[in-house]
Amino acid sequence: MMENVFIMDHPLIKHKISMLRDVNTGTNEFRKLVEEIGILMGYEALRDLPTKDVEVTTPLETCKTPMISGRKLAVIPVLRAGLGLVNSILTLVPSAKVGHIGLYRDPETHEPHEYYCKLPDPISERIAIIVDPMLATGGSAVQAVDFVKAKGGKTIKFMCLIAAPEGLKKLHEAHPDVQIYVGNLDRELNENAYICPGLGDAGDRIFGTK
Ligand code: PRP
Ligand code: URA
């Protein structure tokens with residue numbers, strides 16, 4: 001296992017990813033599954049959040065007990081498909097702020113193109129968790145992390161549901177300091193840079209477009 005790369009092994013995540021892959025899973029169910037997997041993975045990705053003991057009075061006595069402390073969170077979806085994972089993180093940490101990075105892959109070259117970037121300011125003060133269901137060639141993820149770093153981001157996590165080995169390697173090599181959380185590591189990319197077996201086009205399946 002590469003340092004800073006975490007591949008999920010929980011049976012609930014495996015089961016729900018299998019349901020996502022099914023071509024017969026419709027838009028509504030697909031969206032719900034993405035959100036549920038995001039919550040389960042978010043639980044893992046936020047495992048190292050710092051805590052501080054605070055004083056709380058129970059009905060019986062006053063005690064010191066841990067609560068999340070330190071820097072606040074920013075969840076940053078890569079548009080469009082990353083939007084499907086925003087509520088997962090907000091369910092876990094309702095105080096998180098939300099940034100957006102708009103990127104699309106050129107269908108011919110598969111290179112990412114930026115069309116939007118707006119992050120909570122200052123991003124340097126927050127733990128940034130970039131979310132995108134798919135890590136294929138890795139071009140979009142590398143560029144998304146580049147943006148966050150260019151705006152001052154220092155502590156950055158990247159969470160995806162499915163990764164291709166090529167994309168995982170590219171992201172890890174470009175940004176070895178970024179903790180990468182992967183729901184499942186799939187076999188390979190095909191000639192159109194789609195992940196196999198994968199789940200198809202995540203954006204189209206979440207939003208019901210084609
Ligand atoms: C998909 C996906 C990632 C990107 C991954 O987005 O959501 O952002 O492709 O591919 P890569 O690792 O090869 O860069 P897409 O460009 O299809 O845009 P969409 O979310 O707007 O549909
Ligand atoms: N983007 C997707 O949505 N799916 C893939 O398999 C690759 C890139």
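Each ligand, and each atom within it, is numbered from 1 in the order the structure gives. Heavy atoms only: backbone and side chains are in, while hydrogens, waters and symmetry mates are out.
Between Gln179 and Asp48 the shortest heavy-atom distance is NE2-OD2, 3.3 Å.
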For Lys169 and Glu173, what are the C-alpha separation, side-chain angles and deciding distance, and is it a salt bridge (Lys or Arg N to Asp or Glu O under 4.0 Å)? CA-CA 6 Å; Lys169 184 166 181 283; Glu173 284 179 0; 3.3 Å; yes

Dump the intermediate steps for side-chain hydrogen bond (donor to acceptor under 3.5 Å, both in side chains) on Thr137 and Arg105, then the final yes or no. CA-CA 10 Å; Thr137 65; Arg105 290 201 316 176; 4.6 Å; no

What verdict does the salt bridge (Lys or Arg N to Asp or Glu O under 4.0 Å) test give for Asp121 and Arg126, after you've listed the backbone C-alpha separation in whole Å, the side-chain angles of each residue and the deciding distance to 0.1 Å? CA-CA 9 Å; Asp121 192 25; Arg126 293 181 178 269; over 6 Å; no

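Checked by atom type and distance alone, the side chain of Arg205 pairs as donor or acceptor with a backbone atom of Leu199 at under 3.5 Å.
Only the backbone of Ala193 comes within contact range of ligand 2, with a heavy atom under 4.0 Å; no side-chain atom does.
Distances below 4.0 Å separate heavy atoms of Ala136 from the following atoms of ligand 2: 7 (C), 8 (C). Heavy-atom proximity to Ala202, at under 4.0 Å, picks out these atoms of ligand 2: 2 (C), 3 (O). The distance from ligand 2 to the heavy atoms of Arg105 drops below 4.0 Å at these ligand atoms: 7 (C), 8 (C).
Separating the CD1 atom in Ile76 from the SG atom in Cys117 is a distance of 8.0 Å, to the nearest 0.5 Å. Expressed to the nearest 0.5 Å, how far CD of Glu3 lies from NE2 of His172 amounts to 7.0 Å.
Of the candidates Leu92, Val98, Val93, Val75 forms a side chain to side chain contact (heavy atoms under 4.5 Å, CB included) with just one, namely Val98.
Relative ring orientation between Phe6 and Tyr181 is described as parallel, the plane-to-plane angle staying below 30° on a 0-90° scale split at 30° and 60°.
The protein heavy-atom contact nearest to atom 5 (C) of ligand 2 is Tyr194 CD2, 3.4 Å. Atom 4 (N) of ligand 2 has as its closest protein heavy atom Gly200 O, 2.8 Å. Of all protein heavy atoms, the one lying nearest to atom 6 (O) of ligand 2 is Ile195 N, 2.8 Å.
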Could you go through ligand 1 and list every pair where one of its N or O atoms sits under 3.5 Å from a protein N or O, giving the atom names and the distance to one decimal?
| unit_1 | atom_1 | unit_2 | atom_2 | d |
| --- | --- | --- | --- | --- |
| ligand 1 | 7 (O) | Asp132 | OD1 | 2.8 |
| ligand 1 | 8 (O) | Asp132 | OD2 | 2.4 |
| ligand 1 | 12 (O) | Ala136 | N | 2.8 |
| ligand 1 | 12 (O) | Thr137 | N | 3.1 |
| ligand 1 | 12 (O) | Gly138 | N | 2.8 |
| ligand 1 | 13 (O) | Arg105 | NH1 | 2.7 |
| ligand 1 | 13 (O) | Thr137 | N | 2.9 |
| ligand 1 | 13 (O) | Thr137 | OG1 | 2.6 |
| ligand 1 | 14 (O) | Ser140 | N | 2.9 |
| ligand 1 | 14 (O) | Ser140 | OG | 2.5 |
| ligand 1 | 16 (O) | Arg105 | N | 2.8 |
| ligand 1 | 20 (O) | Arg80 | N | 3.1 |
| ligand 1 | 20 (O) | Ala81 | N | 3.1 |
| ligand 1 | 21 (O) | Arg80 | N | 3.3 |
| ligand 1 | 21 (O) | Arg80 | NE | 3.2 |
| ligand 1 | 22 (O) | Arg80 | NE | 3.3 |
| ligand 1 | 22 (O) | Arg80 | NH2 | 2.9 |

